[in-house]
Amino acid sequence: QVQLVESGGGLVQAGGSLRLSCAASGRTVGSLTMGWFRQAPGKEREFVAAVKRTDSSTYYADSVKGRFTISRDNAKNTGYLQMNSLIPEDTAVYFCAAAMLSPFVGKIDYMRPSQYNYWGQGTQVTVSS
């Protein structure tokens with residue numbers, strides 16, 4: 001069993017930065033495919049970023065590419081989402097997710113919430129204009 005706990009959310013002005021953390025227990029982050037998703041009020045959960053278990057390649061949603069960076073620290077067993085140049089449209093609850101055994105073939109698989117077995121409780125990010 002894998003437990004994920006997010007932290008680092010908050011209120012920030014447009015143009016600012018935040019770093020979200022996802023502390024994992026039960027498995028090392030290096031053995032997991034890890035992803036970040038977000039959900040704004042009245043909207044479906046959407047993919048933000050993912051890092052592959054096998055070679056640490058990364059994928060990003062077009063809306064955050066060049067502004068967000070996903071990473072993980074095996075020594076701290078923690079995943080991160082560095083968010084720069086934040087805009088009001090980034091306001092949402094951000095969720096960390098992890099997968100152990102799901103087959104991932106292409107980027108589309110990394111973007112599907114159903115591919116992930118474990119989820120954190122979410123952390124609120126609010127970007128003011």
Side-chain angles (χ1 to χ4, degrees):
Q1 191 75 3
V2 176
Q3 289 81 41
L4 304 172
V5 179
E6 302 101 331
S7 61
L11 173 64
V12 64
Q13 288 188 333
S17 298
L18 283 174
R19 188 177 78 160
L20 304 183
S21 299
C22 176
S25 59
R27 283 277 178 174
T28 59
V29 294
S31 68
L32 301 168
T33 291
M34 298 192 75
W36 287 92
F37 291 77
R38 66 187 182 186
Q39 189 166 17
K43 295 188 176 181
E44 293 188 354
R45 190 166 298 189
E46 67 171 356
F47 169 77
V48 176
V51 56
K52 292 172 67 174
R53 175 183 62 83
T54 51
D55 61 5
S56 296
S57 297
T58 56
Y59 296 104
Y60 295 95
D62 289 344
S63 59
V64 307
K65 199 174 296 183
R67 300 189 297 121
F68 291 11
T69 303
I70 188 172
S71 63
R72 57 188 171 196
D73 186 330
N74 292 340
K76 296 182 178 180
N77 214 34
T78 299
Y80 300 99
L81 184 69
Q82 177 67 43
M83 306 186 296
N84 299 327
S85 302
L86 285 160
I87 59 178
E89 290 75 15
D90 294 322
T91 296
V93 177
Y94 283 71
F95 297 89
C96 173
M100 283 175 48
L101 301 176
S102 300
F104 290 87
V105 177
K107 180 179 178 180
I108 190 66
D109 285 336
Y110 291 90
M111 298 173 66
R112 292 195 180 109
S114 60
Q115 290 284 98
Y116 295 83
N117 312 107
Y118 306 100
W119 291 83
Q121 81 287 354
T123 185
Q124 176 71 47
V125 171
T126 303
V127 184
S128 63
S129 58

Working for side-chain contact (heavy atoms from CB on, under 4.5 Å), residues Val48 and Phe95: CA-CA 10 Å; Val48 176; Phe95 297 89; over 6 Å; no

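- A donor-acceptor contact shorter than 3.5 Å is absent between the side chain of Asp90 and the backbone of Leu86.
- Remark: the backbone N or O of Tyr60 is paired with a side-chain donor or acceptor of Lys107 at under 3.5 angstrom.
- Side-chain N or O atoms of Gln121 include one that pairs as donor or acceptor with a backbone N or O of Glu6 at under 3.5 Å.
- Follow the hydrophobic side-chain contacts under 4.5 Å out from Ile70 and you never reach Val93; the two are in separate clusters.
- Side-chain atoms of Ser85 do not come within 3.5 Å of backbone N or O of Arg67 as any donor-acceptor pair.
- Side-chain atoms of Gln115 come within 3.5 Å of backbone N or O of Pro103 as a donor-acceptor pair.
- Ring-centre distance between Tyr59 and Phe47: not below the 6.0 Å cut-off.
- In this structure, Ala92 and Ala40 approach most closely via the heavy-atom pair CB-N, 3.8 Å.
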Applying side-chain hydrogen bond (donor to acceptor under 3.5 Å, both in side chains) to Gln3 and Ser25, what does each step give before you reach the verdict? CA-CA 5 Å; Gln3 289 81 41; Ser25 59; 3.1 Å; yes

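- Taking both residues in full, the closest heavy atoms of Gln82 and Ser17 are given as NE2-CB, 4.0 Å, listed atom of the first, atom of the second, then distance.
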Does Met100 form a side-chain contact (heavy atoms from CB on, under 4.5 Å) with Leu32? I'd like the steps, not just the answer. CA-CA 5 Å; Met100 283 175 48; Leu32 301 168; 3.2 Å; yes

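- No continuous path of hydrophobic side-chain contacts links Leu81 to Trp119 [ILVMFWY only; heavy atoms under 4.5 Å].
- Residues Ala14 and Pro88 come closest through the heavy atom pair CB-CD, 4.2 Å.
- Between Tyr116 and Phe37, the angle of the ring planes goes over 60°, which puts this pair in the perpendicular group of the 30/60° scheme.
- Annotation: the span from Ile87 atom CD1 to Ser128 atom OG amounts to 13.0 Å, rounded to 0.5 Å.
- At distances below 3.5 Å, not a single donor-acceptor pair connects side-chain atoms of Thr54 with backbone N or O atoms of Lys52.
- A distance below 6.0 Å separates the ring centres of Phe104 and Tyr110.
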Going through the checks in order, is the side-chain contact (heavy atoms from CB on, under 4.5 Å) test met by Arg38 and Ser63? CA-CA 12 Å; Arg38 66 187 182 186; Ser63 59; 3.5 Å; yes

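- Between the side chains of Arg19 and Tyr80, not a single donor N or O lies within less than 3.5 Å of an accepting N or O.
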Applying side-chain contact (heavy atoms from CB on, under 4.5 Å) to Met83 and Thr69, what does each step give before you reach the verdict? CA-CA 7 Å; Met83 306 186 296; Thr69 303; over 6 Å; no

Full working for side-chain hydrogen bond (donor to acceptor under 3.5 Å, both in side chains) between Thr126 and Gln124: CA-CA 6 Å; Thr126 303; Gln124 176 71 47; 3.3 Å; yes

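- By the criterion of side-chain heavy atoms lying less than 4.5 angstrom apart, applied directly or through intervening Ile, Leu, Val, Met, Phe, Trp or Tyr residues, Tyr118 is grouped together with Tyr94 in one hydrophobic cluster.
- Trp36 and Cys22 make their closest contact through CZ2-CB, 3.6 Å (heavy atoms, listed as atom of the first residue, atom of the second, distance).
- Looking at Leu20 and Val125, their side chains come closer than 4.5 Å, going by heavy atoms from C-beta outward.
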Please determine whether side-chain hydrogen bond (donor to acceptor under 3.5 Å, both in side chains) holds for the pair Thr28 and Asn77, giving the CA-CA distance in whole Å, both sets of side-chain angles, and the decisive distance to 0.1 Å. CA-CA 6 Å; Thr28 59; Asn77 214 34; 5.0 Å; no

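- Arg45 CZ to Ser114 OG: the interatomic distance, rounded to the nearest 0.5 Å, is 12.0 Å.
- Atoms CZ and CG, on Arg27 and Leu4 in that order, are 13.0 Å from each other to the nearest 0.5 Å.
- Judged by distance alone, the side chain of Arg72 and the main-chain N or O of Val29 form a donor-acceptor pair under 3.5 Å.
- No donor-acceptor pair closer than 3.5 Å links the side chain of Thr58 to the backbone N or O of Ala50.
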